[in-house]
Visitor: 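If you scroll down you'll find the structure; I have some questions about it.
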Amino acid sequence: MTTPITNYFQKDINNIKFLLGSLKQLQSSVQRLQGATKGVIHYLDSAKHDVEQWQFKSQPRLEKIQQIIDKMK
């Protein structure tokens, strides 16, 4: 009778160890995700700045092209 009880406790201990390992892995993954998020935010800010700069530089040319198109109509 003691053997089955021991087996149940051993299974529980193994399940707890597996759970703890999974939690550590999750914590590590969350930390890496947080680090990657900072890089993505930096990239998005840089891309937004580049798009705004391109639009600012291109706006006079686009207006001139639109004027030509309007005259051709």
Side-chain angles (χ1 to χ4, degrees):
M1 176 114 184
T2 54
T3 305
I5 293 174
T6 305
N7 288 343
Y8 285 120
F9 283 127
Q10 189 62 40
K11 286 180 184 179
D12 289 343
I13 290 171
N14 288 338
N15 288 336
I16 290 170
K17 286 179 182 179
F18 179 78
L19 178 61
L20 290 174
S22 297
L23 288 173
K24 287 179 183 179
Q25 189 176 12
L26 176 63
Q27 182 181 17
S28 174
S29 296
V30 168
Q31 288 173 344
R32 285 188 288 137
L33 180 61
Q34 287 173 338
T37 302
K38 292 176 186 176
V40 169
I41 290 171
H42 176 71
Y43 173 79
L44 289 175
D45 288 343
S46 177
K48 181 181 175 185
H49 177 266
D50 291 345
V51 167
E52 288 172 351
Q53 188 176 17
W54 176 81
Q55 287 175 334
F56 177 77
K57 288 181 179 181
S58 299
Q59 189 62 34
R61 293 182 190 124
L62 294 174
E63 288 174 359
K64 184 68 174 174
I65 291 169
Q66 187 62 48
Q67 289 174 358
I68 293 169
I69 292 172
D70 290 343
K71 285 181 183 179
M72 292 176 70
K73 289 182 180 178

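Heavy atoms only: backbone and side chains are in, while hydrogens, waters and symmetry mates are out.
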Visitor: Are His49 and Asp45 close enough that some pair of their side-chain heavy atoms sits under 4.5 Å apart?
Guide: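 No - every pair of side-chain heavy atoms lies 4.5 Å or more apart.
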
Visitor: Once you round to the nearest 0.5 Å, how far does CG of Asp12 lie from CG of Leu19?
Guide: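 Between atom CG of Asp12 and atom CG of Leu19 there are 12.0 Å.
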
Visitor: So, taking the atom named CG in Leu23 and the one named CD1 in Ile16, what distance separates them when rounded to the nearest 0.5 Å?
Guide: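 Leu23 CG to Ile16 CD1: 11.5 Å, rounded to 0.5 Å.
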
Visitor: Quick one: do the Ser58 and Arg61 side chains pair a donor with an acceptor below 3.5 Å?
Guide: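 No pair is found: no donor N or O on one side chain lies under 3.5 Å from an acceptor on the other.
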
Visitor: Between Ser28 (side chain only) and Lys24 (backbone N and O only), is there a donor and an acceptor less than 3.5 Å apart?
Guide: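 Side chain of Ser28 to backbone of Lys24, a donor-acceptor pair under 3.5 Å: no, none is there.
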
Visitor: Are Gln53 and Asp50 side-chain neighbours, meaning at least one heavy-atom pair lies under 4.5 Å?
Guide: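 Yes. Closest side-chain heavy atoms under 4.5 Å.
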
Visitor: When rounded to the nearest 0.5 angstrom, what distance separates CG in Asn15 from CG in Leu20?
Guide: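 Here the interatomic distance stands at 11.0 Å.
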
Visitor: Between NZ of Lys64 and CG of Leu62, what distance do you get to the nearest 0.5 Å?
Guide: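 The CG atom of Leu62 is 13.0 Å from NZ of Lys64, to the nearest 0.5 Å.
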
Visitor: Is the side chain of Ser46 donor-acceptor paired with the backbone N or O of His42 at a distance under 3.5 Å, no angle test?
Guide: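 No, the answer is negative, given that no donor and acceptor are paired below the 3.5 Å cut-off.
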
Visitor: With distance as the sole criterion, is a donor-acceptor pair present between the side chains of Gln59 and Glu63 under 3.5 Å?
Guide: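 Glu63 and Gln59 do have a side-chain donor-acceptor pair below 3.5 Å.
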
Visitor: Could you state the interatomic distance from CD (Gln10) to CD1 (Ile5), rounded to the nearest 0.5 Å?
Guide: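 One finds 14.0 Å between CD of Gln10 and CD1 of Ile5.
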
Visitor: Would you compute the distance between atom CE of Met72 and atom CD1 of Ile68 and round it to the nearest 0.5 angstrom?
Guide: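 Taking CE in Met72 and CD1 in Ile68, the distance rounds to 8.5 Å.
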
